[in-house]
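Below: one structure, written as structure tokens.
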Amino acid sequence: MIERKPNRTKMASTEALATGAELYPIFRRLVPLDGPLTAQIIDAVATQSGLSERQIRRLAARFRANPVASSLAPTPRGPRIGSHRIAETVREAIDRLTQELFLAKPPPTAALAAREIHGLLIAEDGEFCFAPGEVPSERTLIRLIGEISEPQRARSSMGSKRRSAHEPHPGVYHSEGLLDLVQMDHTRADVILVDSVHREELARPWITLLIEVWTRSIQGFYVSFGDPSIFRCGRAVANALLPKESLLEELGVDVSYPMHGQFRRLHADHAAPHRAESFRRACLANGIDPDIRPRGPAHFGGHIERLIGSMVGKMRLLPGATGGNVTQRDGYDAGQAAAMTLPEFERWLLFQIAIYHNAPHKGLGGQCPAQAWKTAVFSHSPLLPACLDVEHLTRQFLPARQRTVQSYGVQILHRRYWNPVLAARIGQQITVHHDERTLQRIYAEIDGQFVILPVVGDYPDISEPEWEAERQRLRRAGAAFQADGAKAATARYIQAARREVAIARQRTASSRQERKRQEREGVSHGPQVKGRIERAEVHWIPATDLSDDDWLKWRK
């Protein structure tokens with residue numbers, strides 16, 4: 001069933017409204033709003049207005065239902081808006097083909113869909129075979145397609161972000177006060193950065209932003225080249241919770257950035273890092289409710305989506321900006337124009353955050369986010385607990401894995417880690433957190449505390465992406481060696497070994513058959529005639545009978 005837009009009513013012309021205004025005093029004076037409409041009343045109205053009895057009764061009914069002058073205006077002539085003189089069977093076929101052809105992803109243009117539908121309806125060898133006179137024209141079909149409601153078009157042919165603008169979203173996403181609700185989302189920056197050593201093109205970074213809804217201030221941020229993950233979500237949340245003075249001092253940026261504090265709800269989309277068990281546990285352990293919005297619609301996170309759009313738009317001023325339109329980049333090489341490193345981009349981003357905080361915001365009635373924050377902080381309790389352990393908080397938001405303690409410790413990414421504390425826990429499963437920026441140590445969560453497990457062996461102090469990149473390089477080198485003759489040589493060796501086994505089997509089988517032939521026959525159930533060896537009789541000749549000349553001589 002196709003949902004269509006409601007039909008709009010015809011507007012009465014100025015001349016029709018003037019006619020109604022002329023009749024209004026007569027009907028108001030003579031026609032009662034209730035009771036019978038007598039013949040005397042009809043005659044009096046007819047005398048003064050010149051209308052027939054039928055016209056008077058029709059207008060009187062409308063006047064009694066709505067006693068205003070416009071109800072007496074003549075109705076516009078012509079068919080009702082939205083009505084079509086189409087047979088029911090043809091209309092059902094049009095709706096079915098519209099559902100199949102137009103309400104799809106990606107949708108064709110209305111003109112192309114109308115031409116396709118018209119051809120399928122009148123095709124002689126098709127499924128419908130309607131006469132051309134029964135089928136409306138392509139122009140009428142385009143008008144019918146245009147009557148489809150926007151929500152149905154959005155559900156059928158649009159993605160979640162675009163669909164949100166065409167669907168009804170009544171109500172307000174409400175925040176009850178300062179640090180009650182924070183929204184988080186990620187985006188790839190529309191700018192290419194360079195490395196800090198050779199100043200060569202590197203990649204587009206990812207930005208994570210958190211907005212405090214009550215004051216519309218940017219509670220925290222995180223920038224990296226890696227895709228959104230549990231680690232980066234945790235670093236962004238930790239940045240939002242903690243004061244920014246140490247970060248500003250490290251980057252050498254002199255701006256006012258007082259936004260921090262423990263918030264109550266974290267609103268994020270349905271991405272896998274946000275739904276990860278370790279991330280949710282870390283949020284709940286710090287009194288944060290990970291309020292993950294349903295899959296699909298983006299209107300629930302409108303504040304952070306709008307903020308990201310504003311910040312990304314400012315990046316078009318940077319060298320190496322990619323922009324959002326391919327045609328606008330015609331003849332422009334963003335990688336060649338790139339000039340900023342990651343720390344330089346972070347410093348630029350901090351200046352943009354400061355500019356945003358000091359600019360009027362429509363959602364605050366013209367106040368600035370910094371002004372709203374300053375006002376709200378006066379009546380708020382301490383932003384952070386006094387006994388907050390920063391290292392413990394940071395490690396809670398690191399990616400976590402479950403590992404069983406072995407006799408050698410625990411193993412992550414082909415590296416082994418050990419601490420004497422693990423000796424009593426061999427065979428038990430523990431939770432370990434690791435920082436992807438260094439693989440020299442991991443953190444085991446034991447009895448509510450984090451125990452440092454150093455790596456066993458002599459390894460370089462590198463990050464997890466560098467470690468994985470080196471492993472991929474070795475795998476590629478191994479694959480290249482295999483492709484460069486090793487695989488063919490291996491195939492030859494396998495064939496030669498198989499041939500050797502076959503020859504050995506053949507030799508063994510032949511030898512066993514030959515041995516069987518050399519052995520005697522087995523004993524059967526019948527009588528067996530044993531063979532005898534014929535022995536020659538020995539006749540001894542007396543020595544006197546021997547000749548004397550030759551019996552003692554050696555014979556050759």
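We use all heavy atoms of the structure for the numbers below, so side chains are in, but hydrogens, waters and symmetry mates are not.
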His434/Phe231 aromatic ring centres below 6.0 Å: no
When you look at CZ of Arg401, are more than 12 heavy atoms from neighbouring residues, nucleotides or ligands closer to it than 6.0 Å? yes
Salt bridge (charged side-chain N to carboxylate O under 4.0 Å, His left out) involving Glu391 - partner list, sequence neighbours excluded: Arg395
Which donor-acceptor pairs under 3.5 Å do side chains of residues 19-29 form with protein atoms, sequence neighbours excluded?
from	atom 1	to	atom 2	distance (Å)
Thr19	OG1	Glu15	O	3.1
Arg29	NH2	Gln48	OE1	2.4

The side-chain contact (heavy atoms from CB on, under 4.5 Å) partner of Leu30 among Thr47, Val45, Ile42 is Val45
At what distance, to the nearest 0.5 angstrom, does CG of Leu384 lie from CG of Leu242? 6.5 Å
Are any of the side-chain nitrogens in Arg57 or Glu53 under 4.0 Å away from the carboxylate oxygens of its partner? yes
Does Asn66 have more than 12 heavy atoms from other residues, nucleotides or ligands lying within 6.0 Å of its CG? yes
To the nearest 0.5 Å, what is the distance between CZ on Phe345 and CD on Gln352? 9.0 Å
Is there side-chain contact between Leu101 and Leu120, with heavy atoms separated by less than 4.5 Å? yes
Sub-4.5 Å side-chain heavy-atom contact between Met340 and Leu318: yes
With sequence neighbours left out, what residues match Glu445 under side chain to side chain donor-acceptor pair (under 3.5 Å)? His433
Step by step, would you call Gln262 with Asn286 a side chain to side chain donor-acceptor pair (under 3.5 Å)? CA-CA 8 Å; Gln262 185 170 354; Asn286 288 275; 5.6 Å; no
Are more than 12 heavy atoms, taken from residues, nucleotides or ligands other than Glu249, located less than 6.0 Å from that residue's CD atom? no
Show, in sequence, the C-alpha distance, side-chain angles and deciding distance for Trp348 and Phe351, and conclude whether the ring-ring contact (aromatic ring centres under 6.0 Å, His included) test is met. CA-CA 5 Å; Trp348 175 87; Phe351 285 121; 9.4 Å; no
Are His186 and His274 an aromatic pair by the rule of ring centers under 6.0 Å? yes
Is there a donor-acceptor contact under 3.5 Å from the side chain of Arg204 to the main chain of Val191? no
Smallest separation among heavy atoms of Gln219 and Trp373, with atom names: OE1-CZ3, 3.6 Å
Is the shortest side-chain heavy-atom distance between Leu248 and Asp254 below 4.5 Å? no
Please report the shortest heavy-atom distance between Ile308 and Asp185, naming the atom on each side. CD1-CB, 3.7 Å
Could you check whether any side-chain heavy atom of Leu209 comes within less than 4.5 Å of a side-chain heavy atom of Phe221, counting everything from C-beta outward? yes
Side chains of Ser224 and Arg232: do they bring a donor and an acceptor to under 3.5 Å? yes
Testing the basics here: between Ile86 and Arg91, what is the closest heavy-atom pair and its distance to 0.1 Å? CG2-N, 3.9 Å
Between Arg188 and Trp206, which heavy-atom pair has the shortest distance, and what is it? NH2-NE1, 3.1 Å
Please find the pair of heavy atoms, one from Phe225 and one from Ala203, that lie closest to each other, and give the distance. CE2-O, 3.6 Å
Side-chain donor or acceptor of Arg216 paired with backbone N/O of Val213 under 3.5 Å: yes
Parallel, tilted or perpendicular, as decided by the 30° and 60° cut-offs, for the rings of His361 and Tyr356: perpendicular
Looking at Met259, is its backbone amide N or carbonyl O close enough to the side chain of Lys244 to form a donor-acceptor pair, meaning the two atoms are under 3.5 Å apart? yes
Go through the steps to decide whether Glu212 and Thr215 satisfy the test side chain to side chain donor-acceptor pair (under 3.5 Å), and finish with yes or no. CA-CA 6 Å; Glu212 202 282 316; Thr215 61; 2.7 Å; yes
